[in-house]
Amino acid sequence: MRDDVIITADRALLPGGAAGPTAVLAQGGAIVAVGDPASIVAMAPEAPRVEWPHRAMVPGTVNTHNHSFQSLLRGIGDDLPFLAWRDRALYRYSPRLTPDGVATGALFAFGEMLLHGVTTVCDFFYLNHQGTEHATAVIEAAQRLGIRIVMARCFYDWDGAPAAYRETIPQAVAHFEALHRRYHDRARQLVSVQPAPHSQHGASPAMIEAGAGCARDAGGPWHIHLAEEQYQVEQSLARFGKRPLAAVAELDIDFASMIAVHGCWFDADERALLADCGGSLAYCPGSNMFLGDGVTDLVDLVARGVKVGLGTDGGCSNNRVSVFDEMRTAALLQKVHKIDGQAIDARTCFRLGTVTAGEVLRLPIGAIAPGYRCDLVAVDLDDPSLWPAQALENNLVYALSSRAITDVVVDGREVVRARTLCHVRLDEIHQRVRELTADWTRD
Ligand SMILES: [Zn+2]
């Protein structure tokens, strides 16, 4: 078959643990067989081969929450309180971005992510300018690079934000539906379009219900920022007489398909409610630490059975774009928060950045097993950050240097080879970023 490919490596991280020499056969971008190289090659002797000697193949990582354009603001709003960061960096520069500008931000963010082993990114996108052109530019940037994308198309109507973010409910619904019709890819799932009412402060209750209604119609999940900062809990209590999750639960929404983002200030009742109703969480420990938001009780949520996926959040609130880095950060933050070195382990954190994150986004990704999409990362076993090799999974979480990431495959197709993007030149991205941000400053 024309679309067959066989990828082989000296070691692999499979659902059951680390394995020796392994090959994967993919057809049409899906993994159909995993096993020892000789038997896999015998199944499809004519298939093109990608060989990864001295390397281990591990599942591609899944970034459940990002704002791609924010990479352009990296370093420009650091070390400020949340509202000052928002007003002096975000609200100042983001409304200026044209479709070409957001494409530059997306090429930059997604290109850097691929080089760090991210194979799926969810872009929570709110620079919509009452249209679809900006979101289209982001999707097409992802397609150029070859990364898998979830376009979490924002629904936003708070009039305190820049006009570029705001829409009426009919506009948001119509634009979401147009994007979904045009890009949502049910076959290979390289592009998914999901609705994302911004937050309790960014979207009115009716706007949140409209977003959740679009998710119901599309048969997919929806995203919403909740309880990131402590003041947002106080606002929710003042406006609705209830804490954030309880207030949202009263709306005409489907809780089980909700992906809450952050949840730093969810109390025990809210965590129990999230678990009982089957909602999930996009957790961004690096960003929460960077902005001084607070600490989500991840250990408790995982114990209650809530599905959690890791996210890097935007490039100007972290300021890194690596999900491997978030695995380490999640573990360290929870260990110090609980004052317990055994609060959470490497295996759990690895899953939050791969297969569980895929479940949060409702995509068959994040594991090297038949039935999953063929999204793989090669890491260099000659790199000292992965020694000793018998502790591969723990070393990926706690010790990995990004220098060790050499190759990336998305949907059976090479997108990074020998630490180089295959389909867009890094020089082009650099040039575009330089030109766009030449006069952007902190002051
Ligand atoms: Zn966010």
Side-chain angles (χ1 to χ4, degrees), residues 62-74 77-78 80-83 85-87 89-91 93-94 97 102 105-106 109-110 113 118 120-128 134-135 138 149-156 158 160-162 164-166 194-203 207-208 211 221-232 235 244-245 248 258-266 279-296 308-323 326 329-330 357 360-361:
V62 178
N63 189 353
T64 61
H65 190 72
N66 174 247
H67 307 280
S68 60
F69 79 87
Q70 290 187 12
S71 281
L72 297 166
L73 292 163
R74 182 150 68 188
D78 297 351
L80 295 171
F82 179 79
L83 293 175
W85 167 84
R86 186 190 71 181
D87 293 341
L90 274 196
Y91 285 7
Y93 292 110
S94 64
L97 291 169
V102 296
F110 303 161
M113 282 178 210
V118 174
T120 296
V121 59
C122 174
D123 197 351
F124 192 119
F125 188 75
Y126 54 84
L127 296 183
N128 288 305
H134 289 69
V138 170
I149 184 172
V150 174
M151 165 52 65
R153 205 275 184 191
C154 194
F155 287 51
Y156 205 120
W158 175 52
Y165 301 7
R166 300 193 312 254
Q194 299 174 354
H198 184 271
S199 57
Q200 283 183 296
H201 58 277
M207 189 63 113
I208 294 172
W222 57 287
H223 305 242
I224 183 169
H225 295 101
L226 284 177
E228 176 178 5
E229 293 268 327
Q230 196 167 19
Y231 83 87
Q232 293 162 355
Q235 264 184 0
L245 211 53
V248 170
M258 182 187 72
I259 303 169
V261 183
H262 299 308
C264 306
W265 293 93
F266 285 164
S280 46
L281 185 82
Y283 176 47
C284 308
S287 175
N288 296 156
M289 291 170 75
F290 195 90
L291 296 175
D293 289 335
V295 187
T296 306
V308 180
L310 296 175
T312 63
D313 209 349
C316 64
S317 70
N318 185 311
N319 286 350
R320 295 182 178 174
V321 296
S322 163
V323 173
E326 296 304 309
T329 304
V360 168
L361 296 174

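All of these numbers come straight from a predicted model, not from anything done at the bench. Count residues from 1 along the sequence. When a ligand or atom number is given, it counts from 1 through the structure's own listing order.
Under the 3.5 Å distance criterion, with hydrogens and angles disregarded, no donor-acceptor pair is assigned to the side chains of H201 and Q235. Residues S287 and N318 bring no donor and acceptor atom of their side chains to less than 3.5 Å of each other.
Taking a cut-off of 2.8 Å, the protein N, O or S atoms nearer than that to the Zn ion (ligand 1) are H65 NE2, H67 NE2, H225 NE2.
Residues H262 and H65 bring their aromatic ring centres within 6.0 Å.
With sequence neighbours left out, the salt bridge (Lys or Arg N to Asp or Glu O under 4.0 Å) criterion links R74 to E112. Every ring pair (Phe, Tyr, Trp, His ring centres under 6.0 Å) that Y126 has, sequence neighbours left out, goes to H67, F69, Y165, H198. Among residues two or more places apart in sequence or in another chain, the salt bridge (Lys or Arg N to Asp or Glu O under 4.0 Å) test is passed with R320 by D325.
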